[in-house]
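Worksheet for the structure shown next.
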Amino acid sequence: MALGLDELLDTSGFVPHGVCLLWRPDILALHVASDMLIGLSYFSIPVALTYFVMRRRDVEFGWMALLFALFIIACGSTHFLMVWTLWSPDYVLEGLVKAVTALASLGTAAALWWLMPRLLALPSPKQLEATNRALEQEITIRRQMEMRYSSFFNNLAEALFIVQVLPDGDFAYEAINPALARATGLDPERLRDRRVRDALAPEAAASVISRYVACRDGGESIDYEETLDLPVGQRVFHTMLVPVKDAAGRVVQILGSGRDVTERKRLQAEVVQTSKLATLGTLAAGMAHEMSQPLNVIRLWTENMLSRLRDNLLEPQRAERSLTLVIEQTDRMAKLIDHVRTFGRRDGGGMQAFTPARCVQSAVELVRHQYALEDIEIIESATSAQLPVTGRPLELEQVILNLFSNARDAIIALRATDREAGRIMVAVSDDRDGQNVAIQVTDDGGGIDPSVLPQIFDPFFTTKEVGKGSGLGLSIGYGIIDGMGGRIDARNVDLEGGRRGVRFTITLPSQPVSSSDRELSHA
Amino acid sequence: MPDPLHILIAEDEVLAAMALEDFLSLKGFRVTVAANGAEALERYGREQVHALVTDLRMPRMDGQTLIREIRDRDAALPVVVMTGYLTEDSDLKHERWKPLEILSKPVNPRIICETLHRMLGLPLEA
């Protein structure tokens with residue numbers, strides 16, 4: 001038998017709930033007040049929740065709040081019905097509303113438990129705040145770093161530049177720093193993002209691009225000296241390129257730094273020149289002697305002839321012999337003058353290929369006689385070396401003369417202590433595989449104190465008394481040999497007869513190497 | 001005619017020594033050439049020498065040492081020094097080395113000859 005809605009809602013036969021409370025006004029009032037307040041409160045909470053969800057669209061799981069709102073409204077309704085049933089026994093209606101409340105509660109509870117892990121995973125505002133603080137700190141640090149690096153880039157005296165390697169392998173300037181702009185006269189704004197071949201004058205571009213290609217293809221840092229024609233004029237740069245690679249190992253960027261060494265180069269040349277003049281100065285006394293000798297011979301022979309002529313004793317053969325001798329002496333003087341002149345020349349004679357043996361020979365000739373007068377013998381051996389080296393012959397001669405002069409000083413000093421000395425041995429030899437030429441200058445002047453041996457090539461280092469040595473000779477020599485791609489070193493040697501001395505060994509590469517264009521690959 | 005006076009020349013430059021030898025021989029001297037101080041001292045020890053003409057810078061024994069050695073043996077031997085360079089305060093300018101004359105290079109052989117004549121008390125040539 002089906003029950004109609006009217007029958008279901010039929011209250012006949014029930015008694016109002018107030019009966020159970022014996023209609024005691026105090027208890028009735030307590031129930032009515034409490035239920036009404038609960039109901040009103042419950043009705044206001046969903047409004048607040050809905051308002052919150054509507055306003056804070058970013059809140060996660062907002063629908064959960066709406067579920068809460070639904071079951072709270074249902075709950076509130078049951079409380080209003082409890083007040084109603086105090087007087088009207090609509091218990092079926094009340095039951096139905098409770099059933100709806102039960103369903104809504106159940107759903108909400110189930111959803112809540114289901115969501116629990118995800119709700120727990122939500123960061124708390126405290127956590128968020130900590131994260132925010134950390135992020136802010138990170139940003140501050142990064143900003144400082146960025147400022148520091150840009151300050152480095154913008155304020156460093158070193159010329160810095162960044163070259164982008166384009167997908168097609170070509171190069172474009174990403175940035176150049178103010179120091180580079182100042183040093184080169186290039187405009188950073190005009191250079192930015194421009195291809196190198198368009199940004200520079202054709203010759204300069206070709207020159208630098210060949211270096212970028214070497215860095216890009218080699219994938220390794222390189223450094224070199226280059227002479228560039230720039231808006232500010234011709235400058236010499238010592239440049240270093242560092243490749244930056246992507247994850248695949250492809251060079252995508254080249255970081256470059258350059259130092260303008262034009263002035264340093266000029267000063268170096270100046271110092272070499274000064275030292276050369278100093279060497280000339282020390283040679284001057286010897287030169288005077290060398291010059292006075294042929295002059296003296298000429299004077300003696302011409303006076304002789306004149307005297308014989310006056311006494312009618314000058315036979316033609318004697319006159320011829322005497323005049324030939326005089327001419328030979330003038331040749332000897334001319335050669336001497338010529339040598340001093342070329343030696344003092346500023347450009348040092350230009351870079352060229354030459355055999356070092358020739359320089360050694362020339363240096364020996366310049367001092368042999370002078371040294372012989374002081375009982376110092378120069379002994380040459382194996383000067384038949386044929387391999388050519390590249391450099392300035394007169395500079396090498398200067399180095400060898402300086403070694404001779406040091407040897408002489410050591411010999412004279414050793415003699416002052418009543419010991420025998422007086423030999424300078426000089427040898428030139430090619431090594432077996434034809435790679436290097438070695439020049440050895442050995443004296444028997446007692447050797448160098450081992451404690452100062454490591455310093456002898458330092459500028460201004462000297463063991464001689466004030467006024468005797470500039471302390472520049474060996475350091476200049478070191479620079480000259482280094483410029484030729486060679487090296488010079490010194491060690492003490494024991495010689496026959498219990499004598500001791502120093503042996504300087506100059507090793508020069510025989511392949512022609514241009515010193516202004518040397519490339520050092522950094523492994 | 002008396003025996004010619006004997007002049008000892010100490011000079012390491014052969015060509016200079018040859019010319020001087022020829023010149024002085026023409027002027028009537030007997031001339032001996034030594035290539036350095038040590039050789040000159042040795043010749044001096046063996047033969048009678050009336051005057052010494054010497055260079056200063058020579059190997060083995062320099063002119064200064066030679067003069068000192070000779071002054072130890074003979075305080076009166078005339079000495080003519082030929083030098084390319086001699087500082088004003090040179091020790092050789094001291095009285096104790098006299099009789100000694102210093103001539104600077106390039107030397108004029110006529111002056112050497114005249115100096116020798118004067119020092120040896122010979123009549124000067126016309």
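In what follows, chains are A, B, ... by sequence order, proteins preceding strands, each numbered from 1.
Here the straight-line distance linking atom CD of A/Glu374 with atom CE of B/Met58 works out to 14.0 Å at 0.5 Å rounding.
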(Q) Go through it in stages, so that I can follow the logic: the residues are A/Leu313 and B/Leu26, the test is side-chain contact (heavy atoms from CB on, under 4.5 Å), and I'd like the CA-CA distance, side-chain angles, deciding distance and then a yes or no. (A) CA-CA 10 Å; A/Leu313 287 169; B/Leu26 277 176; 3.7 Å; yes
Q: Before giving the answer on side-chain contact (heavy atoms from CB on, under 4.5 Å), spell out for A/Arg308 and B/Phe23 the whole-Å C-alpha distance, their side-chain angles and the decisive distance to 0.1 Å.
A: CA-CA 9 Å; A/Arg308 277 178 175 273; B/Phe23 193 92; over 6 Å; no
Q. Under the side-chain contact (heavy atoms from CB on, under 4.5 Å) criterion, do B/Arg60 and A/Asp375 qualify, and how do the steps go?
A. CA-CA 6 Å; B/Arg60 290 190 57 208; A/Asp375 286 326; 4.1 Å; yes
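The number of heavy atoms from other shown groups lying within 6.0 Å of CD (B/Glu47) is above 12. No more than 12 heavy atoms of other residues, nucleotides or ligands shown are found within 6.0 angstrom of CD on A/Glu320.
For B/Arg110, the part sitting under 4.5 Å from any heavy atom of chain A is the side chain, from C-beta outward, and nothing else. Contact of A/Ile376 with chain B is not made at all, since no heavy-atom distance falls under 4.5 Å. Looking at A/Leu325, only its side chain comes within 4.5 Å of chain B, counting heavy atoms on both sides. For B/Glu11, the part sitting under 4.5 Å from any heavy atom of chain A is the side chain, from C-beta outward, and nothing else.
With A/Leu300 as the partner, the side-chain contact (heavy atoms from CB on, under 4.5 Å) test is satisfied by one option alone out of B/Leu15, B/Asp22, B/Leu20: B/Leu20.
Checking side-chain atoms of A/Asn296 against main-chain N and O of B/Lys105 turns up no donor-acceptor pair under 3.5 Å.
With chain B as the partner, the residue from A/Val297, A/Asn304, A/Ile298, A/Leu306 showing the most heavy-atom pairs under 4.5 Å is A/Asn304.
With respect to the salt-bridge test (charged N to carboxylate O, under 4.0 angstrom), the residues B/Lys27 and A/Glu303 do not qualify.
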